[in-house]
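Presented below is the structure to which this report refers.
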Amino acid sequence: MRYAILSLALTLPLLCADLTKLTIQVKSKSGKPVDHASVIVKFVKGHSVAKLGKKIRTEWELQTNEEGVAKIPPIPQGTILVQIIAKNYQTFGQNFDVDEEQKTLEITLNPPQVQYSAH
């Protein structure tokens, strides 16, 4: 029994070490923050983390605040997909590799393209 408790105490920090606190900052091309943009973050692949029987959340849907910032709670390290949807801007989507304990992603949104019609 002592060995089970000791091994659990030694492996618990290793399980928590593979998580990253993610901050996403969304700006326009002119450098102004984009508020109320929808931010979707999905864990794609990477380290497999088991947290004592609890399921680790791997998807988030948030909105940016007035400063254009969205803070994601700890996410497993590896590859994540970040999608951003904002009114009057092109939709953004890209994969990022996350291997640090804290990471800030600065994303610049482009204005919409001119619409063309073949008819």
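Throughout, residue positions are numbered sequentially from 1 according to the sequence presented.
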Side-chain contact test, heavy atoms from C-beta onward, threshold under 4.5 Å: evaluate it for L22 versus I80 and give yes or no.
-> yes

Do L105 and I85 belong to the same hydrophobic cluster, where Ile, Leu, Val, Met, Phe, Trp and Tyr are linked whenever their side-chain heavy atoms lie under 4.5 Å apart, directly or via other members?
-> no

Look at the side-chain heavy atoms of Ile, Leu, Val, Met, Phe, Trp and Tyr, link any pair under 4.5 Å apart, and say whether L81 and I84 land in one connected group.
-> no

Measure the shortest side-chain to side-chain distance between P33 and V26 over non-hydrogen atoms and say whether it is less than 4.5 angstrom.
-> no

So how far is it from K21 NZ to I75 CD1, rounded to the nearest 0.5 Å?
-> 14.0 Å

If you measure from CD1 on I72 to CD on E59, what distance do you get to the nearest 0.5 Å?
-> 11.5 Å

Are the side chain of Q90 and the backbone N or O of P111 linked by a donor-acceptor pair below 3.5 Å?
-> yes

To the nearest 0.5 Å, tell me how far Q25 CD sits from E106 CD.
-> 5.0 Å

Given the options V44, V82, T79, V41, F96 meets side chain to side chain contact (heavy atoms under 4.5 Å, CB included) only with V82

Among the clusters formed by ILVMFWY side chains lying less than 4.5 Å apart, do V39 and V69 turn up in the same one?
-> no

Take atom NZ in K42; do more than 12 heavy atoms of anything else shown fall under 6.0 Å from it?
-> no

Search all heavy atoms of S28 against all heavy atoms of V34 and return the closest pair with its distance.
-> N-CG2, 3.7 Å

Would you give the length of the straight line joining atom CD of Q77 to atom CG of L19, rounded to the nearest 0.5 angstrom?
-> 7.5 Å

Is there a path of hydrophobic side-chain contacts, each under 4.5 Å between heavy atoms of I, L, V, M, F, W or Y residues, that connects I40 with I24?
-> no

Rounded distance [0.5 Å steps], NE2 in H36 versus OG1 in T64 | 7.5 Å

With the 4.5 Å side-chain cut-off for hydrophobic clustering, are L62 and I107 part of the same group?
-> yes

